[in-house]
Amino acid sequence: MSAGSASGKSFSAANAGMTVEECENMIQGSLRTPTVKFLREHLEKSGCGIAPNFIRAVNCSQRMSGGYSRGEGIVVCSNHLTIQDEVTQVVIHELIHAYDDCRAANLDWTNCAHHACSEIRAGHLSGDCHYKRELLRGFVKIRGHEQDCVRRRVMKSLACNPYCSQAAAKDAMEAVWDTCYNDTKPFDRAP
């Protein structure tokens, strides 16, 4: 869901979804998918190696699917997920944040525009806003659903950033939208 500092993210033993062990197995499954392999390969090519424990399952007390934190890696919230597809989507989304963090030497997660840009890219490129996923969430719109979904999810993530007021988050998202939405690196086009 969000990137940046993991401070403020607390983990507890709450367990409504799957166990940490089940989630770890699903993370291993996601590592074999073409998109995850592609992103990991491009992280390596960009000079950012991934340690074996870079992606790990945890129980999260906050209502979130996962997160990326510079220097700490990716957490996948096992207790908020139930199926392989959800785990894979979180891994892809967070790997896009890791890629952005790797390729942009001056990325500042406390800067609303920087954070918004990475969220726009992750929402657009990860498949988070695929029509079928939106239908399952109860959002039914034929035209423009993907951009509406990305905007909604960017705002949800930026609301968790203590450096971004709602107004600042919306302004930042609008200011960087075109550039970041159209930046599909490392993909040739949006998957």
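Heads up: numbering here begins at 1 and tracks the sequence.
Interatomic distance, CG of Asp148 versus CZ of Arg152, reported as 8.0 Å (0.5 Å rounding). Between the CZ atom in Arg63 and the SG atom in Cys160 there is a gap of 12.5 Å [rounded to 0.5 Å]. The structure places CD1 of Ile92 at 11.5 Å from CZ of Phe38, a figure rounded to the nearest 0.5 Å. In this structure, CD in Gln62 is found 8.5 Å from NE2 in His80, a value given to the nearest 0.5 Å. Atoms CD1 and CD1, from Ile27 and Ile55 in turn, are 7.0 Å apart once rounded to the nearest 0.5 Å. Here the straight-line distance linking atom CE of Met18 with atom OG of Ser78 works out to 7.0 Å at 0.5 Å rounding.
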Report task. Show the numbers, then the answer: is there a side chain to side chain contact (heavy atoms under 4.5 Å, CB included) between Arg153 and Asp128? Result -> CA-CA 9 Å; Arg153 294 173 69 82; Asp128 284 345; 3.9 Å; yes
Query - Step-by-step side chain to side chain contact (heavy atoms under 4.5 Å, CB included) determination, Phe54 to Arg56 - result: CA-CA 6 Å; Phe54 185 77; Arg56 62 192 192 289; over 6 Å; no
Requested in this report: Show your working on side chain to side chain contact (heavy atoms under 4.5 Å, CB included) between Val58 and Val20 and close with a plain yes or no.
Outcome: CA-CA 6 Å; Val58 297; Val20 168; 5.6 Å; no
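In this structure, the disulfide bond (SG atoms under 2.5 Å apart) partners of Cys164, at least two apart in sequence or on a different chain, are Cys112. Taking the side chain to side chain contact (heavy atoms under 4.5 Å, CB included) definition, one finds that Pro162 meets it with nothing, sequence neighbours left out. By the side chain to side chain contact (heavy atoms under 4.5 Å, CB included) test, Thr179 is found to be paired with no residue, residues two or more places apart in sequence or in another chain being considered. With sequence neighbours excluded, the residues satisfying side chain to side chain contact (heavy atoms under 4.5 Å, CB included) with Ala104 are Asn106, Leu107.
In terms of heavy atoms, Thr184 sits closest to Ala190 at CG2-N, 3.6 Å. Thr110 approaches Asn161 most closely through the heavy-atom pair CA-ND2, 4.3 Å. Cys129 approaches Val150 most closely through the heavy-atom pair SG-N, 3.4 Å. The minimum heavy-atom distance between Glu119 and Ser157, with the atom names listed, is OE2-OG, 2.8 Å. Annotation for Ile120 and Trp177: closest pair CD1-CE3, 3.6 Å, computed over non-hydrogen atoms. Among all heavy-atom pairs drawn from Pro186 and Leu39, the shortest one is CG-CD2, 3.8 Å.
Val154 and Leu125 are members of different hydrophobic clusters when ILVMFWY side chains are connected at heavy-atom separations under 4.5 Å. Cluster annotation: Leu158 and Met64 are assigned to distinct hydrophobic clusters (Ile/Leu/Val/Met/Phe/Trp/Tyr, side-chain heavy-atom contacts under 4.5 Å, transitive). Both Met155 and Tyr181 belong to a common hydrophobic cluster when Ile, Leu, Val, Met, Phe, Trp and Tyr are linked at side-chain heavy-atom distances under 4.5 angstrom. Ile83 and Val36 fall into different hydrophobic clusters, where Ile, Leu, Val, Met, Phe, Trp and Tyr residues are linked whenever their side-chain heavy atoms come under 4.5 Å apart, directly or through other members.
Looking at heavy atoms from C-beta onward, Ser65 lies in side-chain contact with Leu81 at the 4.5 angstrom threshold. Put simply, the side chain of Asp100 does not reach to within 4.5 Å of the side chain of Cys102, judged on heavy atoms. For the pair Gln84/Ser30, a side-chain contact is recorded, criterion being any heavy-atom separation below 4.5 Å from C-beta on.
Looking only at distances, a side-chain donor or acceptor of Asn79 sits under 3.5 Å from a matching main-chain atom of Cys60. Side chain of Thr19 to main chain of Glu22: a donor-acceptor pair is present (N/O by atom type, distance under 3.5 Å, no hydrogens or angles). Judged by distance alone, with hydrogens and angles left aside, the side-chain atoms of Glu44 form no donor-acceptor pair with the main-chain N or O of Gly49 at under 3.5 Å. Between the side chain of Glu94 and the backbone N or O of Tyr68 there is at least one donor-acceptor pair closer than 3.5 Å.
The pair Glu174-Arg151 meets the salt-bridge criterion, with a side-chain N (NZ, NE, NH1 or NH2) lying under 4.0 Å from an Asp/Glu carboxylate O.
In this structure, the ring of Trp109 has its center less than 6.0 angstrom from the ring center of His97.
Donor-acceptor pairing under 3.5 Å is lacking for the side chains of His93 and Gln89. Checked by atom type, the side-chain pair Tyr163/Asn111 shows no donor-acceptor distance below 3.5 Å.
Sequence neighbours left out, the pairs with a member in residues 178-191 that pass salt bridge (Lys or Arg N to Asp or Glu O under 4.0 Å) are Arg103-Asp183, Arg121-Asp183. Applying the side-chain hydrogen bond (donor to acceptor under 3.5 Å, both in side chains) definition to pairs two or more places apart or across chains, those involving residues 32-43 are Glu41-Lys45.
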